[in-house]
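As the structure is a prediction and not an experimental result, all values here were calculated from the model. Within every chain, numbering begins at 1; the chains are lettered A, B, ... in the order of the sequence lines, protein sequences first and strands thereafter.
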Amino acid sequence: QKEVEQNSGPLSVPEGAIASLNCTYSDRGSQSFFWYRQYSGKSPELIMFIYSNGDKEDGRFTAQLNKASQYVSLLIRDSQPSDSATYLCAVNTETSYDKVIFGPGTSLSVIP
Amino acid sequence: DVKVTQSSRYLVKRTGEKVFLECVQDMDHENMFWYRQDPGLGLRLIYFSYDVKMKEKGDIPEGYSVSREKKERFSLILESASTNQTSMYLCASMGGQKGATEAFFGQGTRLTVV
């Protein structure tokens, strides 16, 4: 079982709709969760992080965390063509050295 | 501002050449990582280092080595470049509070081996 899993997509949504991206993780000891956005040919950039169960909102983005279900999601409201990118879910694991485990990414396409 | 800098944005090398990819961070992070990214395969961890002169193999270390002589610098070495090492290489530096580590990426190096 992979440590962090995501649907690879591609996920297509019309402009103005809500895009929903999902991620599951296997390590119950994970404490922090991140969403990175990666445009084609560019490096990943951090857009959201969440530590506590529940929702965290930042502008059009909402991260949702459910530790009991080992599930984290990212909602993008009022999707714009500029949101078209690959979204990487990442999880911090508690080991003797801190490192972040990345999921394979979900490709999102917002259709004008 | 946090900064991770990779020495080259684009690189073309010949098969059999020894290739050095350099990465420098200015955040005083202990942990640094080298990934390669290929279409459909996501980020794959090659090597990482959690201290000066320390290194650990990641998921795909074959054909690569690394060097960490100073805290801020982490180098990836392709001992004898091959065409299947043509890829996007990403360096990451990770730090933050315990249990809240964030990854900061360099701009990436697109390496083509011909």
Worksheet item: Could D38(B) and R36(B) be called an ion pair, given the rule that one side-chain N must be under 4.0 Å from one carboxylate O?
Response: yes
Worksheet entry | R37(A) side chain to S84(A) backbone, donor-acceptor under 3.5 Å | no
Fill in: Members of residues 64-88 of chain B whose heavy atoms come closer than 4.5 Å to chain A
M88(B)
Worksheet item: With P14(A), which residues qualify under side-chain contact (heavy atoms from CB on, under 4.5 Å), at least two apart?
Response: A17(A)
Discussion item. Counting only heavy atoms from other residues, nucleotides and ligands, does the tally under 6.0 Å from CZ of R9(B) exceed 12?
Written reply: yes
Worksheet, complete the sentence: Okay, E30(B) and chain A: the region with an atom under 4.5 Å from a heavy atom over there is neither
Worksheet item: Side chains of Q38(A) and T86(A): donor-acceptor distance under 3.5 Å anywhere?
Response: no
Worksheet item: Quick one: does W34(B)'s side chain get under 4.5 Å of Q6(B)'s, heavy atoms only?
Response: yes
